[in-house]
Amino acid sequence: MQMDNFRNERDQYFKEIDNLNHPNETLVKTHCSYCAMQCGMNLRVNTKTNKIVGVEPRYDWPVTLGKMCPKGVTAYQQVNNKDRLLRPLIRDDQSLKGTKNGFREASWDEAYDLIVKKFTELQENYGKDSLSVYSGVSMTNEKCYLTGKFARVGLQTRYIDYNGRFCMASAAGGLNRSLGIDRGSTIPWTDVQDTDCIFLAGSNTAECHPTMMFRVWAIQERGGYVIVADPRETPVARRADLHLDLRPGTDLALANGIVNLLIENGHIDEEFIKNHTNGFEDTKELVKQFTPEYTSAITGVAPEKIIRAAEIYGKAPNAIVMFARGIEQQIKGVDNVSGYTNMALVTGKIGRAKSGVATITGQGNGQGGREHGQKADALPGYRKIANPDHVKYVSKVWGIEPEEMPKEGVSAFEMFGLMEQKTIRALYLLCSNPAVSAPDQNYVREQLKNLDFMVCVDFYLSESAEFADVVLPTTTWAEDAGTTTNVEGRIIKINQAQMPVGESKPDWKIQVELTERMGRGKYFSHLKTSEDIFNELRVASKGGTADYYGVTWEKIDKQDGVFWPCKDENDPGTPRLFLDKKFNHPDGRAKIFALPYRPSAEEPDEEYPLRLTTGRVVYHYLSGNQTRRIQFLRDMCPEPFVEVHPETAAKYNIDHEELVRLYTRRGETTYKVKITEAIRKDTVFVPYHWGHEKSINLLTIGALDPISRMPEFKACAAQIEKLKIKKVQ
Amino acid sequence: MKKRLYLELENCIGCRSCLAACTQCGGHEERNRNYVYDVNPLVNRQTMPLMCLHCVNPACARSCPAQAIQIHETGAVLSALVEKCIGCQNCTIACPYGIPKFDTEQNLMYKCDLCIDRSKDGIPPMCASVCPTNTLQWLTDEEIEAKQKQFNLDNGKWVTSMPYLEGETNVKVNLPGILQGVTKLF
């Protein structure tokens, strides 16, 4: 391919549209801070105050064309928000942990000195691994990469992991296993509208990734099909040609049932299977028992709907299978991913335009953030810490001896177990809010409280910061530059629009300054800018599966992003994977997996007869730490609720908007009831964006997928109780 | 080239991005001027936007005793002129769609002006710019005509442009609906 004039594809929706320029303002091109759609936007900056004052659509961004969801439209209101932390906070009275109280403002020097003193003391007394780093992927590749190095080279601890364990870990596990590579999508998003069938499993697309909806609807306008598998009739399921309303936690049976029918109906691609895959015969044998009736008995989906779904997907000349957290946040999340990927592999609907497999990545940099070594078992470029050659390569880039590289750590949720055992005694938390987002909150909050020392880096005083001894103020996404890797695997550029608010500093700068004070500066002091870090990341990822070596900030701007892998300066990147039908396993073949069905960790019983599932609303993002502080979003959805089917509500004698007690074996809370026919009768749903006593994660279960170590947020057993009304005397 | 706001109601997912964007156009005092309704909230998630249709002969302007509601040369029915509006609320009663809103503190009416500072230069209004689903689009007359030809419509007109609602409107609404008569590919 010719590099000189290469630009990633623009599709039929692309139009040249001028922007409105307000007087005394300039526009800074960037992307949204929230989900992995990473919608293009312009930030309006006042040229006199140099402050961000608003948003203007970015019509020339080829993926989203100026479109934004309500979170995106109001995202800029995070930056100069009244809740911003302006200076470091220290809390001297440990008895106040778990509350907002007792913090005093301090200088950076005092905060750094305290952290260094505590970290050094703990490591001297209890070993290097008594420290831990818990990170997130709502930040740039530069920061995610440096955080991995910060933990392993700066703090010299093995315990680093990140919130992707609650987000993308199952997709990563499944795609790696099936295809040998974990790039969330095999195709660019500009292919979506031109496919003939989209199969969306466990994705509330309209609320979680709204700006891809115009492409989904366009499939139907062309006469194509939209199939949705979801326990709830979400806005996308409502207009779908087929809604497979399955019980939460039964995806694997549905996937097996459909694969069985694809085989029976002769809709498989035998040539493709023979030449490019392994494992078909075993799978064929296993799925035989998943007849429509058997599958229906497990999933609760009517047999004729399963038959119809298989028929449509099988007949479609081009089809895309997409999935999201609904199938991934289960104890068999990895199997679900491989199970649905089997649909594409047996039919050969992968490795070409308009056909493929994608996980719809949640967090803004959920893709890039999992590739460059802040995962317990990973090093930059999707290298593995268990592989001595990989360790050797990265050690050289980092300037350490391979023996100095800490060993593999444990997953995010398992870190709380090590805190309980006092193996981990201190925590450096950044870009995450586990005091809302982790399952089994009563347990998690107890562990945070019992830490000897905790640092939280955030730009607001999050629920998790309430457990910290030191809170360091960091910047929002608009006060720093860097790259993220979006839902497609396209590396894009975030631009700085404003100077940091107050005394806040970008995460990477904090880490460089801390390591300098811990005597590890020689590995970090050369990193003066975010771009310096990117250039080191390029080298560190070189030759790895997620190879960024050929990506430069300049190339990103020039060609509207770069799809990895991008191996050298002349490589324009790889928008579509597997066009040569070569998969990334050593033998070049994809793997079709025979996956026996197993139930959820906690199935309903007499005592807890309902299935509780959790998810999002369109107005809030993750733990809500950002979106709950924005007026418009708070007005639209101020508090959580529990969705109940009217027949179920009648059984419990509860009314719309009545307050009820919802409880599981792990916890309880009260919510207002929202009656809707758009949910299964055996299922209740609560959105998870709230903390303290309103957190649904007080009730969820910490059962983990054996491979991805992802908790089963999407299914546990629950019960509702009508609150007794006290009689007024 | 003249462009119009064009609506495809079935695309709406109820994200209310249009309302968020309405507060951000710079000339709207951060108050949104349109509506998104839950059609049948206890049953399903169907929603629909209710936008000012910018009638060719608008009832709001006709009913205004102070001539405060002006019609821009583009056809946009503007928000009441602050210096002329007497706060009588005739317009809120006259509009068959219930579009004009009333600020009781300032005793002033306010309504959608199609982001006139944008649309007068052909830049799409904020709502149609951000709409994630293409429920709200900003199209040329030719593009709208091409859309219209896909359907077999009574009198060749969409429902909102039929007499007795308000007659001809500048905003076009695809009713009875975009999926009517779509032939499946297979």
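No hydrogens, no waters, no symmetry mates; every other heavy atom, side chains included, goes into these values. Lettering of chains follows the sequences in order, A, B, ..., and the numbering in each one begins at 1.
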Return the orientation label for the [X] and [Y] ring planes: parallel under 30°, perpendicular over 60°, tilted otherwise.
{"X": "A/Y225", "Y": "B/F186", "answer": "tilted"}
{"X": "A/W61", "Y": "A/H31", "answer": "perpendicular"}
{"X": "A/H620", "Y": "A/H689", "answer": "tilted"}
{"X": "B/Y6", "Y": "B/W158", "answer": "tilted"}

What option among [options] has the most heavy-atom pairs under 4.5 Å with chain B?
{"options": "A/T234, A/L633, A/I312", "result": "A/I312"}
{"options": "A/A316, A/A218, A/P646", "result": "A/A316"}
{"options": "A/I17, A/V73, A/V216, A/V618", "result": "A/V73"}
{"options": "A/T74, A/D196, A/V617, A/V236", "result": "A/D196"}
{"options": "A/M213, A/K71, A/M68", "result": "A/M68"}

Which bit of [X] comes within less than 4.5 Å of chain B, counting heavy atoms only: side chain, backbone, both or neither?
{"X": "A/R215", "answer": "neither"}
{"X": "A/Q77", "answer": "side chain"}
{"X": "A/I679", "answer": "neither"}
{"X": "A/D241", "answer": "side chain"}

Given heavy-atom pairs under 4.5 angstrom as the criterion, report whether the side chain, backbone, both or neither of [X] touches chain A.
{"X": "B/C15", "result": "both"}
{"X": "B/T183", "result": "backbone"}
{"X": "B/C115", "result": "neither"}

Inset, instruction - Indicate whether the side chain of A/Q78 and that of A/N81 have a donor and an acceptor atom separated by less than 3.5 Å. - result: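 There is no such pair between these side chains.
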Inset, instruction - Could you tell me whether A/K674 sits above the aromatic face of A/F641, with NZ or CZ closer than 6.0 angstrom to the six-membered ring centre and within 45 degrees of the axis? - result: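 Checked: cation-pi criterion met.
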Inset, instruction - State whether A/Y621 and A/R616 meet the cation-pi test: NZ (Lys) or CZ (Arg) under 6.0 Å from the six-membered ring centroid, and within 45° of the perpendicular axis. - result: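 Not satisfied by the 6.0 Å and 45° rule.
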Legend entry - Close contacts, residues 35-54 of chain B versus chain A, judged by heavy atoms under 4.5 Å: B/P41, B/L42, B/V43, B/N44, B/R45, B/Q46
Legend entry - Pairwise distance OG1(A/T195) to NZ(A/K349) - rounded to 0.5 angstrom: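 If we round to the nearest 0.5 Å, A/T195:OG1 and A/K349:NZ are 9.0 Å apart.
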Legend entry - Minimum-distance pair of heavy atoms, taken over all atoms of A/P210 and B/I13: CB-CD1, 4.0 Å
Legend entry - Backbone N/O of A/D245 and side chain of A/R680: donor-acceptor pair under 3.5 Å: yes
Inset, instruction - Could you tell me whether the side chain of A/Q220 and the main chain of A/W217 form a donor-acceptor pair under 3.5 Å? - result: no
